Amino acid sequence: MVLELKKFLATELKGYKGRPFLISGPCSAETEEQVMATATALARIPEVSVFRAGIWKPRTRPDSFEGVGVEGLKWLRNVKHETGLMVGTEVANEKHVYEALKYGVDLLWIGARTSVNPFTVQEISDALQGVDVMVLVKNPINPDLELWIGAIERIARAGITRIGAIHRGFSSYEKTIYRNQPNWQLPIELRRRFPDLPIICDPSHISGTRELLYELSQKAMDLNFDGLMLESHIDPDQALSDASQQITPDELHELLSRLILRNPVASDPKLLDILGELRQQIDVFDDALLDILEKRMKVAQTIGQYKKDNNITILQPTRWDEIIRKVVINGQVKGLSREVIDTIFKAIHQESINHQMRIMNDGIEIPAAKS
Ligand code: PEP
Ligand code: MN
């Protein structure tokens, strides 16, 4: 089945005056006072469409605050009545879905620790059969695009049409400045495969810290995301979960006022001409890159033939180390970052290995490459 998705942004997800669709609120609902104070302050920010608060919290270790449970749903219902904001919460099983729907929650999201598990996503999907509610599927904690798409497909098959994705970054063993690695290429590929699927960025869980929220939000806007989910709390330092990444409603307001929103498409004919000309140049370079790669692979195949004839291994670590060091240095002189050079050359090297493996194992004889 081809996943049929219609962007529902035009109606429901239309942010305030064409601005991004905005979901904000605390990581967790903690007390009725905290929820109401945060929501009342957020309701004064015109861009905020949905008030979020976690009621059931998936925590890494036991004995952390695991959420207030059903009691918090009453507070969300009050927020809805008193502020007019839509309300949203995370659901991780069938029971959560029933409870949240009973209390009139407008938006359900599936958390990163849930979207990794097709059994649980299916259970949630079954509970959603015939229900009209907005559902957003966070990426799984591991960078697996197919798993993310699979979770979206399961929810779509329940008949949910107001469906979208949330990019919240991916766990990694390596320590970096991010709590979760953005791996922007995954949401970009998701957008390419499903142009009508709304994608919301969650800079709070990507960054893990307040300091990076603005630059991540701006980046998401420049990559044409449809909206943002940003955690906010009336007193962030006292938050019972994710304290260091939450900001006050006032800080959120200030962050939003600094966001630069650019046009997703160019319409000025002069500009279109200039872009068209430059894109032709890019196409020429892309063709040249492919030609060079083809030539490089032919040389690699010839080397593979010699290795086979002389019974030596394909991987020659010293030579590979020499190449990667050299290209990183040369690339930096040309203004190319170490990470990009590393990624490109590792992929090229892997492709050379694949070509040589075929020579070694399939017994294909190839003519020597022309010099
Ligand atoms: C959350 O939104 O508070 C949450 C737990 O998110 P994630 O599933 O992205 O970790
Ligand atoms: Mn959180």
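Whatever order the structure lists ligands and atoms in, that order sets their numbers, starting from 1. No experiment lies behind these values; they were computed from the predicted model shown. All values below come from the heavy atoms of this structure, side chains included, with hydrogens, waters and symmetry mates left out.
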- Task: Could you list which atoms of ligand 1 come closer than 4.0 Å to a heavy atom of W109?
- Result: 2 (O)
- Message: Given the ring of Y214, does R258 sit roughly above its face, with NZ or CZ under 6.0 Å from the centre of the six-membered ring and within 45° of the axis?
- Response: yes
- Query: Can you hop from L186 to I110 via hydrophobic side chains spaced under 4.5 Å?
  - Reply: yes
- Check ligand 1 against G111 and write out every atom of the ligand that is under 4.0 Å from a heavy-atom position of the residue. 8 (O)
- Any Lys/Arg nitrogen of R325 or E322 sitting under 4.0 Å from an Asp/Glu carboxylate oxygen of the other? no
- Starting from atom 9 (O) of ligand 1, find the nearest protein heavy-atom neighbour and note its residue, name and distance. R168 NE, 2.6 Å
- Item | Electrostatic pair D237:R210 at N-O distance under 4.0 angstrom | yes
- Is it true that R296 and E351 make a salt bridge, defined as a side-chain N closer than 4.0 Å to a carboxylate O? no
- Query: Is it true that D291 and K295 have a side-chain N and a carboxylate O under 4.0 angstrom from each other?
  - Reply: no
- Message: Test of geometry: compute the angle OD2(D242)-the Mn ion (ligand 2)-OE2(E231) and round it to 10°.
- Response: 130°
- Message: Using a 4.0 Å cut-off to any heavy atom of R113, which atoms of ligand 1 qualify?
- Response: 7 (P), 8 (O), 10 (O)
- Atom indices of ligand 1 within 4.0 angstrom of K57 heavy atoms, with elements: 1 (C), 3 (O), 5 (C)
- Query: How far is atom 2 (O) of ligand 1 from its nearest protein heavy atom, and which residue and atom name does that atom have?
  - Reply: R52 NH1, 2.7 Å
- Message: Under a 4.0 angstrom heavy-atom cut-off, which atoms of ligand 1 come close to C27?
- Response: 3 (O)
- If you scan protein heavy atoms around atom 6 (O) of ligand 1, the nearest is K138 NZ, 2.9 Å
- Which residue and heavy atom of the protein sit nearest atom 8 (O) of ligand 1, plus the separation: A112 N, 2.8 Å
- Sub-4.0 Å atoms of ligand 1 with respect to non-hydrogen atoms of E90: 4 (C), 5 (C)
- Message: Any carboxylate oxygen within less than 4.0 angstrom of a Lys/Arg side-chain nitrogen, looking at E146 and R193?
- Response: yes
- Message: If I take the Mn ion (ligand 2) as the centre, what angle separates the NE2 atom of H205 from the SG atom of C27? Nearest 10 degrees is fine.
- Response: 170°
- Message: Is there a polar contact, in the sense of an N or O pair closer than 3.5 Å, between D242 and ligand 1?
- Response: no
- Query: What heavy-atom pair brings N224 and R191 nearest, and what distance separates the two atoms?
  - Reply: O-NH1, 3.0 Å
- Item | Derivation and outcome, side-chain contact (heavy atoms from CB on, under 4.5 Å), residues K307 and Q356 | CA-CA 9 Å; K307 285 176 180 165; Q356 296 192 6; 2.9 Å; yes
- Query: What is the closest protein heavy atom to atom 4 (C) of ligand 1, and at what distance does it sit?
  - Reply: H205 NE2, 3.5 Å
